[in-house]
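Notes follow the structure.
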Amino acid sequence: RQFTPEEEEEFARLARLPDLYGSIVRSVAPAIYGMEDIKKAVACQLFGGSRKHLPDGLRLRGDINVLLLGDPGTAKSQMLKFVEKVAPVA
């Protein structure tokens, strides 16, 4: 897939942001308060991984593997549901 000129302009604009990493982290599950370290890890996972190339030519993002441990009621499942919604595997 080729990027459109508008998308390339948006990438250039984002690249000029002084705190792009922080902006990305703050955009991960914004309804969940705190959990900055977990949000940083999830953001890195979203941009990492290796692509899968299927025999029919389809390309998929590699699986994201995250183990979240914590007390009940600390929004672990909600965090992962957010990621699933914004970055489906296909």
Side-chain angles (χ1 to χ4, degrees):
R1 175 183 181 270
Q2 295 290 326
F3 293 113
T4 66
E6 293 81 19
E7 290 172 326
E8 289 181 7
E9 288 175 25
E10 181 68 10
F11 293 146
R13 184 190 68 77
L14 289 171
R16 289 188 297 272
L17 291 176
D19 187 27
L20 177 59
Y21 180 59
S23 297
I24 292 170
V25 170
R26 285 187 296 276
S27 70
V28 173
I32 299 173
Y33 177 76
M35 301 179 70
E36 296 302 315
D37 289 337
I38 294 171
K39 290 180 180 186
K40 288 177 183 178
V42 168
C44 288
Q45 287 285 320
L46 286 170
F47 286 95
S50 57
R51 290 189 171 185
K52 292 181 181 179
H53 298 278
L54 302 180
D56 63 357
L58 184 64
R59 289 181 291 175
L60 298 175
R61 176 181 44 80
D63 294 335
I64 293 177
N65 296 296
V66 178
L67 173 63
L68 296 179
L69 300 174
D71 293 329
T74 55
K76 297 178 301 292
S77 295
Q78 288 81 1
M79 179 79 67
L80 298 178
K81 286 178 185 177
F82 172 85
V83 172
E84 180 183 30
K85 209 177 279 187
V86 299
V89 175

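For reference, positions follow the sequence shown, starting with 1.
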Closest approach of [X] and [Y], non-hydrogen atoms and distance?
| X | Y | answer |
| --- | --- | --- |
| Val25 | Lys40 | CG2-CG, 3.7 Å |
| Ala29 | Phe82 | N-CE2, 3.0 Å |
| Ala75 | Met35 | CB-SD, 4.2 Å |
| Lys76 | Asp71 | NZ-O, 2.9 Å |
| Leu46 | Val83 | CD2-CG1, 3.6 Å |

Query raised in the report: Quick one: does Lys39's side chain have a donor or acceptor within less than 3.5 Å of a partner on Ser27's backbone?
Result: no
Report summary line: Sorted by chain and residue number, the salt bridge (Lys or Arg N to Asp or Glu O under 4.0 Å) partners of Arg13 (sequence neighbours excluded) come out as Glu10
**Report entry** Any residue meeting salt bridge (Lys or Arg N to Asp or Glu O under 4.0 Å) with Asp19, in chain and number order, not counting sequence neighbours
**Finding:**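 Partners of Asp19 by the salt bridge (Lys or Arg N to Asp or Glu O under 4.0 Å) criterion, ordered by chain and then number, come out as Arg26.
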**Report entry** Qualifying ring-ring contact (aromatic ring centres under 6.0 Å, His included) pairs, either residue in residues 11-33, two or more places apart
**Finding:**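 Residue pairs passing ring-ring contact (aromatic ring centres under 6.0 Å, His included), neighbours aside: Phe3-Phe11.
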Atom pair [atom1]/[atom2] of [X] and [Y] - distance to nearest 0.5 Å:
| X | Y | atom1 | atom2 | value |
| --- | --- | --- | --- | --- |
| Gln78 | Ile32 | CD | CD1 | 6.0 Å |
| Leu68 | Ile38 | CG | CD1 | 5.5 Å |
| Leu14 | Ile24 | CG | CD1 | 7.5 Å |

